Enquirer: 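If you scroll down you'll find the structure; I have some questions about it.
All values below were derived from every heavy atom in this structure, side-chain atoms included, with hydrogens, water molecules and symmetry-related copies excluded. As the structure lists them, so they are numbered: ligands from 1, and atoms in each ligand from 1. Fair warning: this is a prediction, and the values are worked out from it, not measured in the lab.
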Amino acid sequence: MNNIGVIFDLDGVIVDTAKYHFLAWKNLADNLGFEFTETHNELLKGVSRVRSLEILLDIGNVKLSEEKKEDLLISKNKDYLGYITKMGPEEILPGASKLLNVLDDLGIAYVLGSASKNAPLILEQVNLFERFAGIVDGNSVSKAKPDPEVFLIGAEKLHLKPENCIVFEDAIAGVEAANIANMISIGIGDAKTLHEADFNFNNLTEIPEDFFTKVISEKILKNNESRLYKTK
Ligand code: BG6
Ligand code: MG
């Protein structure tokens, strides 16, 4: 099936790195003298590193110079790297490897569309780097999700029109980005939080067998028909 392609977010879809981001951000907040909770951490999901720091400093009501912020971004990432360089394939989230196998069997290409500048390293750590037809990460974009840039570059790498791309995302900003890009959005996680997605699953083990061969094909057909109707 080379008429459709898949774009995967990384953190929270393929691997659970949120816990490592949390530990590194919490360490930074501890050093600055304020509390940073797991609930606060939810606000940073899908958000770029720079924006994450701004949100964190707002939580602590801390104002810093640009130079100091640069230093903190470097030390946070150093801390985070300490965790991710210990990751291995056992940290691939349930259902992810099987889903990639299904896509391989169906001949559906997939690329990565992540806000993380560490995405290539993480994929190497869990032995998945070689499997992706392309990588779009935090180094290749100038605008963060919900801007659709990351996914539109992904569509180019797949040589597909946006409406034929399916995005797997765990963050609201990511689902919004996919919708703005005119792609099919699949929300992975809490359906209430990700209610703007076209389809919702708690995790990747829930994707039905006929999802790509039937459900997605029908959805694309329907979308195309309604577009045709609108232009008439
Ligand atoms: C996203 C994560 O995938 O990447 C965010 O959901 C993170 O929490 C962002 O801030 C940037 O990651 P990194 O690895 O470049 O600091
Ligand atoms: Mg994510």
Side-chain angles (χ1 to χ4, degrees), residues 6-29 36-59 69-87 91-93 95-96 99 110-126 128-129 132 135-151 153-154 167-179 185-190 193-194 196-197 200-204:
V6 174
I7 307 178
F8 283 102
D9 173 48
L10 176 67
D11 297 318
V13 175
I14 307 269
V15 285
D16 175 22
T17 43
K19 57 186 180 213
Y20 301 134
H21 279 296
F22 172 66
L23 292 172
W25 286 126
K26 185 171 163 24
N27 186 29
L28 195 146
F36 181 72
T37 64
E38 295 208 32
T39 312
H40 290 140
N41 197 49
E42 287 299 307
L43 302 172
L44 310 187
K45 284 190 178 168
V47 173
S48 74
R49 195 182 306 170
V50 173
R51 182 74 195 116
S52 296
L53 178 65
E54 284 169 4
I55 296 172
L56 181 116
L57 294 178
D58 277 350
I59 292 168
K69 283 190 212 165
E70 275 304 314
D71 289 348
L72 291 181
L73 285 171
I74 292 167
S75 73
K76 183 270 168 177
N77 198 52
K78 219 172 132 197
D79 223 9
Y80 179 61
L81 284 173
Y83 296 109
I84 61 174
T85 48
K86 291 192 194 85
M87 286 176 80
E91 292 200 48
I92 297 173
L93 282 170
L99 179 57
Y110 44 90
V111 297
L112 195 83
S114 166
S116 171
K117 293 187 173 178
N118 296 302
L121 170 66
I122 296 169
L123 283 183
E124 292 276 10
Q125 287 291 131
V126 299
L128 287 180
F129 186 87
F132 285 77
I135 308 283
V136 191
D137 63 16
N139 302 294
S140 11
V141 293
S142 57
K143 290 171 238 137
K145 298 171 190 175
D147 190 282
E149 184 186 17
V150 60
F151 295 142
I153 301 175
V167 174
F168 284 82
E169 253 295 346
D170 72 312
I172 302 171
V175 167
E176 279 174 8
N179 291 345
S185 53
I186 320 282
I188 300 298
D190 180 45
T193 312
L194 302 173
E196 284 181 34
N200 289 91
F201 300 102
N202 288 313
N203 58 60
L204 295 180

Enquirer: Starting from atom 6 (O) of ligand 1, find the nearest protein heavy-atom neighbour and note its residue, name and distance.
Expert: G46 N, 2.7 Å

Enquirer: So, S142 and E149: side-chain donor and acceptor under 3.5 Å apart, yes or no?
Expert: yes

Enquirer: Any N or O on D9 sitting closer than 3.5 Å to an N or O of ligand 1?
Expert: no

Enquirer: At what distance is the nearest protein heavy atom to atom 8 (O) of ligand 1, and which residue and atom is it?
Expert: L44 O, 2.9 Å

Enquirer: May I ask you to check if ligand 1 and R49 share an N or O to N or O distance below 3.5 Å?
Expert: yes

Enquirer: Quick one: is the NZ or CZ of K78 closer than 6.0 Å to the six-membered ring centre of Y80, and within 45° of its axis?
Expert: no

Enquirer: Below 4.0 Å from any atom of ligand 1, is there a heavy atom belonging to L10?
Expert: no

Enquirer: Taking the side chain as everything from C-beta on, heavy atoms only, tell me whether I135 gets closer than 4.5 Å to F129.
Expert: yes

Enquirer: Side chain or backbone, does N77 bring an N or O within less than 3.5 Å of an N or O on ligand 1?
Expert: no

Enquirer: Are K45 and D11 close enough that some pair of their side-chain heavy atoms sits under 4.5 Å apart?
Expert: no

Enquirer: Within a radius of less than 6.0 Å around NZ of K76, do more than 12 heavy atoms belonging to other residues, nucleotides or ligands occur?
Expert: yes

Enquirer: Classify the side-chain pair N200/D190 by whether it contains a donor and acceptor separated by less than 3.5 Å.
Expert: no

Enquirer: Give the residue, atom name and distance (to 0.1 Å) of the protein heavy atom nearest atom 15 (O) of ligand 1.
Expert: K117 N, 2.7 Å

Enquirer: With under 30° as parallel and over 60° as perpendicular, where do the rings of F132 and F8 fit, or are they tilted in between?
Expert: perpendicular

Enquirer: Can you name the atoms of ligand 1, numbered from 1 with element, that are less than 4.0 Å from a heavy atom of H21?
Expert: 7 (C), 8 (O), 12 (O), 14 (O), 16 (O)

Enquirer: If I consider every N, O or S atom in D9, which one ends up closest to the Mg ion (ligand 2)? I only need its name.
Expert: OD2

Enquirer: Can you tell if the side chain of I188 reaches within under 4.5 Å of the side chain of E169, non-hydrogen atoms only?
Expert: no

Enquirer: Only one of V141, V111, D137 forms a side chain to side chain contact (heavy atoms under 4.5 Å, CB included) with I153, so which one is it?
Expert: V141

Enquirer: For the Mg ion (ligand 2), which N, O or S atom of D11 is at the shortest distance?
Expert: O

Enquirer: Would you check if L81 and Y20 make a side-chain contact, meaning some heavy-atom pair closer than 4.5 Å?
Expert: no

Enquirer: With the threshold set at under 4.0 angstrom, would you say S52 reaches ligand 1 through any of its heavy atoms?
Expert: yes

Enquirer: For atom 11 (C) of ligand 1, tell me which residue out of A119, G174, A173, S116 has the closest non-hydrogen atom.
Expert: S116

Enquirer: Please state which protein non-hydrogen atom is closest to atom 5 (C) of ligand 1 and give its distance, to 0.1 Å?
Expert: V47 O, 3.3 Å

Enquirer: Give yes or no for whether the N/O distance cutoff of 3.5 Å, strictly under, is met between D11 and ligand 1.
Expert: yes

Enquirer: Go through ligand 1 atom by atom and flag the ones less than 4.0 Å from a non-hydrogen atom of Y80.
Expert: 14 (O)

Enquirer: Tell me which N, O or S atom of D170 sits nearest to the Mg ion (ligand 2).
Expert: OD1

